[in-house]
Amino acid sequence: MTVSEQETHSESLGGPTRRDFLYLATGMAGAVGAVAVAWPFIDQMRPDASTLALASIEVDVSALQPGMSLTVKWRGKPVFIRNRTDKEVEEAKAVPIAELKDPVARNANGEEAAQATDLARSAGQGKENWIVMIGSCTHLGCVPLGQAGEYGGWFCPCHGSVYDTAGRIRKGPAPENLHIPNYAFTSDTVIKIG
Ligand code: FES
């Protein structure tokens, strides 16, 4: 089932609207698939198929319009992918670093000590609207809710941590911004995570 079919299906059932996140398990037809990974040359060192399937995933994000997000499962964890609106990006950009509880980008694709600017948290120049993060609250690991909370970013209902539209912790007990895994766009519409 494609993302848009799922939306139509859930909307017809009175379920979540387009803006609500969808949860797609790894391997679900069409939306998420395990990447075909080249076998290592030394056969004895070859990890088994299930390990490879979890090592990285490719996600087709072509159905995600601005304002929509998707949650996928990667290495047993939820990963949030959000196509942010221009307004959401502008709001995040307008926040001075000095106001941030955690001024570090926490982006595995960048330098360890990089500042948590909106650009450093996003998919980068030209793709600032995209943000990809591990969906695990940095307090005690609950899964925050998307498009929620005071800043319209994410809200963790467990103990009230509030993240902004760049996934940066702004209020509550969580000590760090939501972590960003290794990922890359392999085309305009496909993201490889891991
Ligand atoms: S686990 Fe998220 S606020 Fe405690």
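Whatever order the structure lists ligands and atoms in, that order sets their numbers, starting from 1.
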Residues 107-114 side chain polar contacts: donor-acceptor under 3.5 Å, at least two apart:
from, atom 1, to, atom 2, distance (Å)
N107, OD1, N109, N, 2.9
N107, OD1, N109, ND2, 2.8
N107, ND2, A120, O, 2.8
N109, OD1, N182, ND2, 3.4
N109, OD1, Y183, N, 3.0
N109, ND2, P181, O, 2.9

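- The side-chain hydrogen bond (donor to acceptor under 3.5 Å, both in side chains) test applied to Q115 returns no partner, not counting sequence neighbours.
- With N177 contributing its side chain and D102 its backbone, the two residues share a donor-acceptor pair below 3.5 Å.
- Within a radius of less than 2.8 Å around atom 4 (Fe) of ligand 1, the protein N, O or S atoms are H139 ND1, H159 ND1.
- Looking only at side-chain heavy atoms (C-beta outward), V59 and V190 stay at 4.5 Å or farther from each other.
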*asked:* Set out, in order, the CA-CA distance, both residues' side-chain angles and the distance that settles side chain to side chain contact (heavy atoms under 4.5 Å, CB included) for I193 and I81, then state yes or no.
replied: CA-CA 10 Å; I193 303 170; I81 302 172; 4.1 Å; yes
Validation: residues 155-166 side-chain donor-acceptor distances under 3.5 Å, sequence neighbours left out:
from, atom 1, to, atom 2, distance (Å)
H159, ND1, H139, ND1, 3.1
S161, OG, A174, N, 3.0
Y163, OH, T138, N, 3.1
D164, OD1, A166, N, 2.9
D164, OD1, G167, N, 3.2
D164, OD1, R168, N, 2.9
D164, OD2, R168, NE, 3.0
D164, OD2, R168, NH2, 3.1
D164, OD2, R170, NH1, 3.0
T165, OG1, E88, O, 2.8

